[in-house]
Amino acid sequence: MRRRVAPARTLESQRPHATPLILRLPGGLSLRLHRRSLLVSLGLAAAMVVTAVLAIGTGAYPIAPDRLVLALTGRGETTDVFIVLGQRVPRTLAALATGAALGLSGCVFQSLSRNPLGSPDIIGFTTGAASGGLVVILVAGTSSAVSIAAGTVVGGLATALVVYLLGGRGGTAGERLVLVGISIGAMLAAVNDYLLTRADLASAEAARAWQFGSLNAISWAQTWPLLGAVVVLVPLTLAAAYGIRALELGDDSATALGVSTARTRLVLLVLGVALAATAVAAAGPIGFLALAAPQLARRLARSPGAAVLPSMLMGAVLLGVSDLLAQRLLSPFQIPVGLVTAALGGLYLMWLLRHRAG
Amino acid sequence: MTIRLARRERGSRAVRPLVWAGAILLLGVLCLLSLAIGSRDIAPADVVTALLHPAGTGGGTADAASIIVWQLRVPRTVLAILVGAALAVAGVVMQALTRNPLAEPGLLGVNSGAALSVVVAISVFGLTRFDQYVWFAFAGSAAAAVAVYLLGANGVGRVAHTQLLLAGVALSASLGAVTGLITLFDSTTFDSYRVWTVGSLAGRDPGTVLMLWPALAVGVGLALVLGPQLNAFALGDDTGRALGLRVTLVRAAGFVCVTLLCGAATAAAGPIAFVGLVVPHAVRMLLGSDQRRVLAASLVAGPLLVLASDILGRVLARPGEVEAGIVTAFLGAPVLLWLVLRGRGAGAR
């Protein structure tokens with residue numbers, strides 16, 4: 001087995017490419033920026049725009065650029081306007097917003113749990129959300145988007161609340177919260193399996209397709225609330241995330257740095273769950289994205305701690321590209337986007353691990 | 001090489017032999033219950049008679065009972081014990097190897113590899129019976145585990161264990177997507193797959209199951225040999241190396257061990273998710289974090305959980321059954337919750 005010399009790597013990781021960029025703001029405030037994170041964020045934002053242009057500008061029904069611009073302003077032919085403004089734009093916006101919410105939520109949870117496997121699932125959220133949705137689909141037997149969304153959100157929030165009440169007592173809740181989360185999550189996963197095996201094949205298939213997470217049936221009716229929630233939650237989370245770096249150092253160091261650990265953790269937890277709930281309500285339980293996006297972002301940005309902004313943008317780009325592929329790959333058959341996200345994110349993460357160890 | 005860790009004692013030493021005796025006694029009782037309980041009622045006395053006189057020596061009803069006990073219930077009980085022990089031990093090794101309390105054996109890609117090859121076996125080769133795709137499952141899980149190792153083991157130092165975990169997660173996600181895609185298009189396959197994926201001990205062919213035991217024996221043996229090394233391993237790569245540990249070797253050996261154990265168990269019973277994740281936690285909370293003791297206790301605790309779940313599954317929905325893979329979580333999770341909430345904290349770190 002090939003053995004590498006460890007000290008060399010340590011030195012490399014401390015190479016001063018990360019000279020802090022200090023932004024002086026009026027009023028004596030200064031903002032310390034991580035240069036490479038900033039560059040990665042800009043790159044990801046550009047990728048996001050390209051994805052959006054591709055998603056809106058191309059499709060099964062070809063629309064020439066001039067007609068596209070007309071349609072975007074709402075003055076083109078009725079068919080064009082319907083397809084562009086009624087279908088492509090809301091779907092694209094929904095994909096980007098959902099991805100951003102999931103990426104940010106995953107970043108928050110990985111920091112809170114100080115665990116690379118952390119995701120909204122460690123407090124049982126995603127499993128609970130899936131249980132809620134499955135109960136609505138399989139037990140109540142309805143398939144209207146609104147009731148499924150309500151079921152998922154209620155299921156997820158109820159699970160998160162139970163886990164928090166059981167495991168969150170006391171300030172240093174980290175490990176206990178995680179353990180309570182995985183045990184409740186495991187029980188709910190068993191419930192999900194039970195529901196799937198006992199249902200008749202047709203509804204089990206419908207439920208399974210939903211369980212992967214999909215944006216196939218999205219319209220403005222779901223997109224507006226989603227955008228509203230993301231516009232409110234993202235700035236709040238970014239603002240609350242100033243304490244994340246300190247929390248990652250451990251509770252004692254964070255307290256010494258003047259961060260109120262219990263409060264910061266609770267605020268971040270609530271915001272993380274709210275973001276995950278927003279995503280789940282719009283697209284169903286898309287797995288893996290919340291786990292992969294922060295890891296990918298962190299590896300690209302080589303940031304010393306949580307890469308908050310890159311994680312969010314990475315989530316948006318990943319889900320945007322995945323949804324594009326989900327629509328076009330086997331067209332006219334529409335693949336649930338969660339499957340593409342898992343395949344794409346998984347392959348990308350494997351590639352990164354192979355080529356940029358650490 | 002033995003490393004004596006500063007002991008974090010849980011409970012007084014005098015009590016410990018009693019706990020062990022109690023656990024083993026409980027396992028014996030569960031074995032008897034497992035032989036006695038089923039969709040067909042056989043009186044306990046008849047069970048004993050049937051056990052002592054294998055089919056052919058008695059006559060009439062005694063013969064029927066003997067066939068049921070020997071050909072259905074004994075293999076099933078043995079399987080429950082093997083699967084429970086394998087998954088629990090694999091879980092201990094996996095969590096020690098990755099130094100991550102959230103790690104479970106399935107994270108090596110074992111379950112997703114097995115799932116994909118089972119789905120391919122059903123969908124492409126048209127296999128339908130469990131004993132036909134058991135080898136597919138084993139081969140699939142081994143292949144996935146090797147891939148994860150090749151991807152994840154090139155990290156050095158502190159990144160190494162994160163690297164391994166992430167490689168496992170990434171490969172599992174990708175394979176899972178393929179599995180999902182196949183089951184999405186092919187509803188016959190999905191119908192068989194959704195039953196397989198729960199994990200159950202019912203209707204397993206005793207012959208096939210017994211063919212898996214060498215893998216399990218080697219795996220458990222390897223784990224027990226590794227026990228002391230895992231203690232040093234827990235201190236970190238550098239400290240471990242300073243203590244004379246051959247870190248790469250331990251990691252590779254642990255990997256082989258988890259692959260054998262988890263691959264065989266998954267091939268035999270389907271992915272029973274909960275055991276490997278939670279039994280190690282429960283045992284650590286009761287006994288402290290000395291890996292040798294945790295390994296030994298897992299050998300008893302894993303079978304206890306799986307056997308009890310299997311029996312409960314048979315009782316709950318008579319004359320039907322609830323699969324063991326579903327009951328384990330419902331039986332095990334409250335135990336873990338109780339341990340966590342009792343406030344003794346986890347010995348996972």
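In what follows, chains are A, B, ... by sequence order, proteins preceding strands, each numbered from 1. What you see is a predicted model, and the numbers here were worked out from it, not measured in a lab. What's counted below: heavy atoms across the whole structure, side chains too, no hydrogens, waters or symmetry copies.
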Pair A/Arg198 + B/Glu323, salt bridge at N-O below 4.0 Å: yes
Nearest heavy-atom approach of B/Val258 to B/Ala90 is CG2-O, 3.8 Å
Answer key: most heavy-atom pairs under 4.5 Å with chain A among B/Ala147, B/Ala252, B/Gly180 is B/Gly180
A/Gln327 meets the side-chain contact (heavy atoms from CB on, under 4.5 Å) criterion, sequence neighbours left out, with A/Arg91, A/Asp323, A/Gln334
If you tally heavy-atom pairs under 4.5 Å between each of B/Phe330, B/Phe190, B/Phe185 and chain A, the highest tally belongs to B/Phe190
side-chain hydrogen bond (donor to acceptor under 3.5 Å, both in side chains) test vs B/Ser123 passes for just one of B/Thr179, B/Asp186, B/Thr183, B/Thr188, namely B/Asp186
If one checks every heavy atom of A/Ile184 against chain B at 4.5 Å, the contacting part turns out to be side chain
Next item on the list: Say whether, by atom type as modelled, one donor and one acceptor occur between the side chain of A/Ser214 and the main chain of A/Pro336 under 3.5 angstrom.
Entry: no
Report yes or no: does B/Gln95 contribute a side-chain atom to a donor-acceptor pair with the main-chain N or O of B/Leu277 at less than 3.5 Å?
yes
dist B/Ser174:OG -> A/Phe288:CZ (nearest 0.5 Å) comes out at 6.5 Å
Looking only at B/Gly176, B/Pro334, B/Ala170, B/Ala329, most heavy-atom pairs under 4.5 Å shared with chain A are made by B/Ala170
Turns out that what part of B/Val322 lies under 4.5 Å from chain A's heavy atoms comes down to both
Chain B shares the most heavy-atom pairs under 4.5 Å, among A/Ala199, A/Gly185, A/Ala202, A/Ala292, with A/Ala199
Ordered numerically, the heavy-atom neighbours of chain B under 4.5 Å found in residues 186-195 of chain A are A/Ala186, A/Met187, A/Ala190, A/Val191, A/Asp193, A/Tyr194
Residue from A/Ala204, A/Gly338, A/Ala342 scoring the most non-hydrogen pairs under 4.5 Å with chain B is A/Ala342
Counting heavy-atom pairs under 4.5 angstrom with chain B, the leader among A/Leu196, A/Thr197, A/Leu349 is A/Thr197
Residues passing the side-chain contact (heavy atoms from CB on, under 4.5 Å) test with B/Ala143, sequence neighbours excluded, are none
Sorted by chain and number, sequence neighbours left out, side-chain contact (heavy atoms from CB on, under 4.5 Å) with B/Val120 holds for B/Leu116, B/Val124, B/Phe125, B/Ile182
| field | Residues A/Thr341, A/Leu319; criterion side chain to side chain contact (heavy atoms under 4.5 Å, CB included); working and verdict | value | CA-CA 6 Å; A/Thr341 319; A/Leu319 198 62; 3.6 Å; yes
